[in-house]
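Notes follow once the structure below has been shown.
For clarity, every value in this text was computed on a predicted model and none was experimentally measured. Below, chains carry the letters A, B, ... as their sequence lines are ordered, and counting in each starts from 1.
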Amino acid sequence: MTAFAERLTRWQRSEGRKALPWLRTRDPFQRLVAEVMLQQTQTGTVAPYWERFVGRWPTAAALAAEDRDVVMKAWEGLGYYRRCRLLCDAAERVVTDFGGVTPSDYASLLTLPGIGDATAASLAAAITGERRAMIDGNVKRVLSRVFRIEGAVGEKAFEAEVRSRAEAELPGTEDMAAYTQGLMDLGATVCRPKAADCGRCPVALLCRSHAETPGEETALPRPKKPLAKQKLAVGIVLVRSPSDEVLLGRAPEGVWHGLWVPPMAVLPEEASENLPRRLKDLLGVMALGEELPAMRHELTHRSLTIRAWLLDVDAATFDALKAELVGFETFPVAGHPAVPVPVKRYLAVLRELG
DNA sequence: ATCCGGTCAA
DNA sequence: TTGACCGGAT
């Protein structure tokens, strides 16, 4: 075993994170749920979601049999909602292709929707000790610092060098779980993106970045050019009935696909003043009701300025609007299906207003 | 306000 | 290879 793997593995066994709830189970399905939630999302955010999720659907069969909207509701607020849809697809595939037994080998895992190279390698290493290099953002950072790999994430040479180094460091099967978990623990708690805590690092003595440019471990492999952000004005109308119900429809595709949203219009920010007109046309009404405080919401490549109106209508008008808006359904404000975070905030505002 | 992070489709 | 996808941390 290399010095790096040896030190890292020993450190994980004594100092690594032990309190993460999914580390208490070896059940492949429950670990898979955790791995999917951990894609793009931090452990502290994931923990309560995971507890609820596997408490409710402990097996692939249970998840596969559940209504998608109900599952999405349990995912509400976690973000990247496509992961949830793919996880449901994966559960179905486990039932149909694997007889309900979640696989724990890399090749089989890779065939499941939403399971890519990093997730498959991480799961296989954790559950069976399969010798596969798990390479995620943390690993790229750690390895590029320790072995001083130059270049930017996404560049062919950088990615190839990271992979080559990651494979060269793999320990034997019996140490794979601790080693791979150690890589993740180190990246998350010590070799952080900013403010690396080299005083606590088990491999600081053999880290080239620490030796050659101490104090500059914050230097990351530069990401690619930042993508241009589109500024958009979003208008929504919370149509409320006398019995405290609202109209929501499924978001078609793109942003928030799979979630439910109120009647909505999207315009370039410069055309923001046209939102009321567009919404009135959409609803076929003369007035939009009371305007609520605007909210801002940031997505990967879009900045949203959200304006919202609260339109209180009588029962007959409510039913007429519902009939008018194809695909929209009625939900109690206090029992709505999965909605995007900003919509959830507005619904909370509604409850406070009474 | 900026940074961070896997998978899939185009 | 590039762009789309979300919310929280800093």
Side-chain angles (χ1 to χ4, degrees), chain A residues 32-50 72 75-90 93 106 109-124 132-142 144 151-160 162-163 166 180 183-184 187-189 191-197 218-232 234 251-261 266 295-306 338-345:
Chain A
L32 183 149
V33 171
E35 289 291 339
V36 172
M37 288 181 170
L38 288 164
Q39 293 165 0
Q40 322 294 305
T41 309
Q42 299 198 332
T43 56
T45 305
V46 164
Y49 280 88
W50 182 84
M72 191 63 85
W75 198 276
E76 185 182 51
L78 251 194
Y80 287 103
Y81 299 97
R82 184 171 66 155
R83 294 181 297 172
C84 183
R85 287 180 276 121
L86 292 173
L87 178 60
C88 292
D89 291 342
R93 291 277 298 280
Y106 175 84
L109 285 164
L110 256 194
T111 69
L112 296 175
I115 308 299
D117 177 67
T119 306
S122 175
L123 277 171
R132 293 281 177 177
M134 193 284 289
I135 302 176
D136 65 3
N138 280 324
V139 174
K140 290 177 191 180
R141 182 174 62 253
V142 170
S144 68
V153 170
E155 280 174 10
K156 211 170 156 190
F158 176 86
E159 299 292 337
V162 167
R163 175 158 293 279
T180 303
L183 228 30
M184 296 189 275
T189 66
C191 197
R192 297 169 296 211
K194 305 175 181 182
D197 191 357
T218 55
L220 293 174
R222 296 156 287 120
K224 304 293 278 187
K225 55 173 171 11
L227 31 79
K229 272 211 174 184
Q230 201 180 4
K231 291 182 189 298
L232 294 175
V234 176
E253 74 284 290
V255 178
W256 300 328
H257 177 48
L259 276 67
W260 292 77
V261 293
V266 182
M295 285 185 195
R296 297 202 50 101
H297 192 68
E298 300 294 325
L299 289 82
T300 314
H301 58 298
R302 284 176 237 199
S303 288
L304 309 182
T305 305
I306 305 175
V339 297
V341 162
V343 174
K344 196 175 177 71
R345 294 204 177 109

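The shortest side-chain heavy-atom distance between A/Leu32 and A/Leu112 falls under the 4.5 Å cut-off. Residues A/Arg83 and A/Trp75 have side chains in contact (heavy-atom distance under 4.5 Å, counting atoms from C-beta outward). The closest side-chain heavy-atom distance from A/Gln39 to A/Val36 is below 4.5 Å. Inter-residue side-chain proximity for A/Tyr106 and A/Leu123 is flagged as unmet; no heavy-atom pair is nearer than 4.5 Å.
Look at CD on A/Glu159: it is 11 Å from P on B/dG6, rounded to the nearest Å. To the nearest angstrom, P of C/dC5 lies 14 Å from CE of A/Met72. Rounded to whole angstrom, the span from the CZ atom of A/Arg85 across to the C1' atom of C/dC5 amounts to 9 Å. Distance A/Asn138 CG to B/dC4 C1': 10 Å, rounded to the nearest Å. What separates CG of A/Leu232 from P of C/dC6 is a distance of 15 Å, to the nearest Å. The CE atom of A/Met37 sits 22 Å away from the P atom of C/dC5 (whole-angstrom rounding). Rounded to an integer number of Å, the gap from CD of A/Gln40 to P of C/dC6 is 11 Å. Summarising the geometry, the separation between OH on A/Tyr81 and P on C/dA4 is reported as 19 Å, rounded to the nearest angstrom.
Comparing A/Arg296 and A/Leu38 against DNA chain B, the residue whose closest nucleotide sits nearer the 5' end is A/Arg296. Map A/Lys156 and A/Val339 each onto its nearest nucleotide of DNA chain C; the residue landing nearer the 5' end is A/Lys156.
In this structure, A/Arg83 does not reach the C/dC6 phosphate: none of its side-chain N or O atoms is under 4.0 Å from OP1 or OP2. At C/dC5, none of the side-chain N or O atoms of A/His257 fall inside 4.0 Å of OP1 or OP2 (strictly under the cut-off).
Looking only at distances, no side-chain donor or acceptor of A/Thr41 sits under 3.5 Å from a matching main-chain atom of A/Leu38.
A pairwise comparison of heavy atoms in A/Ala338 and A/Met72 identifies CB-O, 3.4 Å as the closest pair.
Across all strands, A/Gly44 comes closer than 4.0 Å to no nucleic acid atom at all (heavy-atom distances).
Checked against side-chain contact (heavy atoms from CB on, under 4.5 Å), A/Ala188 has the following partners two or more places apart in sequence or in another chain: A/Arg17.
Of all nucleotides listed (C/dA9, C/dG8, B/dC4), C/dG8 comes nearest to the side chain of A/Arg345.
Residue A/Tyr80 places no side-chain atom within donor-acceptor reach of the base of C/dG7, judged by atom type and a 3.5 Å distance cut-off alone.
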Atom pairs under 3.5 Å, N or O on each side, protein against nucleotides 7-10 of chain B: can you list them with distances?
unit_1: B/dT7; atom_1: OP1; unit_2: A/Gly116; atom_2: N; d: 2.7
unit_1: B/dT7; atom_1: OP1; unit_2: A/Gly116; atom_2: O; d: 3.3
unit_1: B/dT7; atom_1: OP1; unit_2: A/Thr119; atom_2: N; d: 3.1
unit_1: B/dT7; atom_1: OP1; unit_2: A/Thr119; atom_2: OG1; d: 2.5
unit_1: B/dT7; atom_1: OP2; unit_2: A/Asp117; atom_2: N; d: 3.4
unit_1: B/dT7; atom_1: OP2; unit_2: A/Ala118; atom_2: N; d: 3.2
unit_1: B/dT7; atom_1: O2; unit_2: A/Arg82; atom_2: NH2; d: 2.5
unit_1: B/dC8; atom_1: OP1; unit_2: A/Gly114; atom_2: N; d: 2.4
unit_1: B/dC8; atom_1: O4'; unit_2: A/Arg82; atom_2: NH1; d: 3.2
unit_1: B/dC8; atom_1: O4'; unit_2: A/Arg82; atom_2: NH2; d: 3.3

